[in-house]
Structures are given as C-alpha cells and as structure tokens.
Amino acid sequence: MPMIINHDDQLPQITGSACIHLRSKSMYVHGTLGQTELTTESVAGACWCNSTQNSLGPDRDYVNRQSCVSGRECYRETH
C-alpha cells in the first residue's frame, strides 16, 4: 500500500532554545540546530545528548528537539 504524504500540513513549531547538550546529525551537515520546525530526523533517533552520549538524557528520558527545552530538569541554556 503506498504511503500518501500531505505536504499542505505545517510541521509543529517549537519555541525556545534547545539545550546546549542536544546534538543532531544535521548539526554536522548544516552547522546548526537552530531550526524551529519539528523534523523527522529530530524524532527518529538521530539526536543524542552530549552529556550522556546516548539517546537518553541525564533524566533518563528520550532526547529530541521537541523535549530538550526550558522546563526539563537537565536543560541548560548556557555553560
């Protein structure tokens, strides 16, 4: 069965800065993680925490662009 993708739908917007420990493959290709749109990469396991070197953060919760924002216990905006 073919998958139908509706390109008319907007991706959810993410407000606020990402944690300084969040890493993504796109950072090494594009040079930034500054995107505010939720991408398939940011929810598909292509992100990791630089503190734990794992897809789980210090709080043992999964890391991604949507969840690594202010309000999370292990979030850091600056060093």
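Excluded from the calculations below are hydrogen atoms, water molecules and symmetry mates; all remaining heavy atoms, backbone and side chain alike, are included. Residues: numbered from 1 along the sequence shown.
Rounded to the nearest 0.5 Å, atoms CZ (Arg76) and CG (Leu22) are 14.5 Å apart. A distance of 10.5 Å separates CZ of Arg65 from SG of Cys19, quoted to the nearest 0.5 Å. Rounding to the nearest 0.5 Å places SG of Cys74 at 11.5 Å from CZ of Arg60. The structure places OH of Tyr62 at 13.5 Å from SG of Cys47, a figure rounded to the nearest 0.5 Å. In this structure, Asn50 CG and Ile20 CD1 are separated by 9.0 Å, a value rounded to the nearest 0.5 Å. Atom OH of residue Tyr75 and atom SG of residue Cys68 lie 10.0 Å apart, to the nearest 0.5 angstrom.
The 12-atom threshold is exceeded at CD of Gln53, counting heavy atoms of other residues, nucleotides or ligands nearer than 6.0 Å.
Closest approach of Asn54 to Val63, counting heavy atoms only: O-CG2, 4.2 Å.
Contacts of Arg72 classified as side chain to side chain donor-acceptor pair (under 3.5 Å), with partners at least two apart in sequence or in another chain: Asp59, Ser67. Taking Ser51 as the reference, His21, Cys49, Pro58 meet the side chain to side chain contact (heavy atoms under 4.5 Å, CB included) condition, with sequence neighbours excluded.
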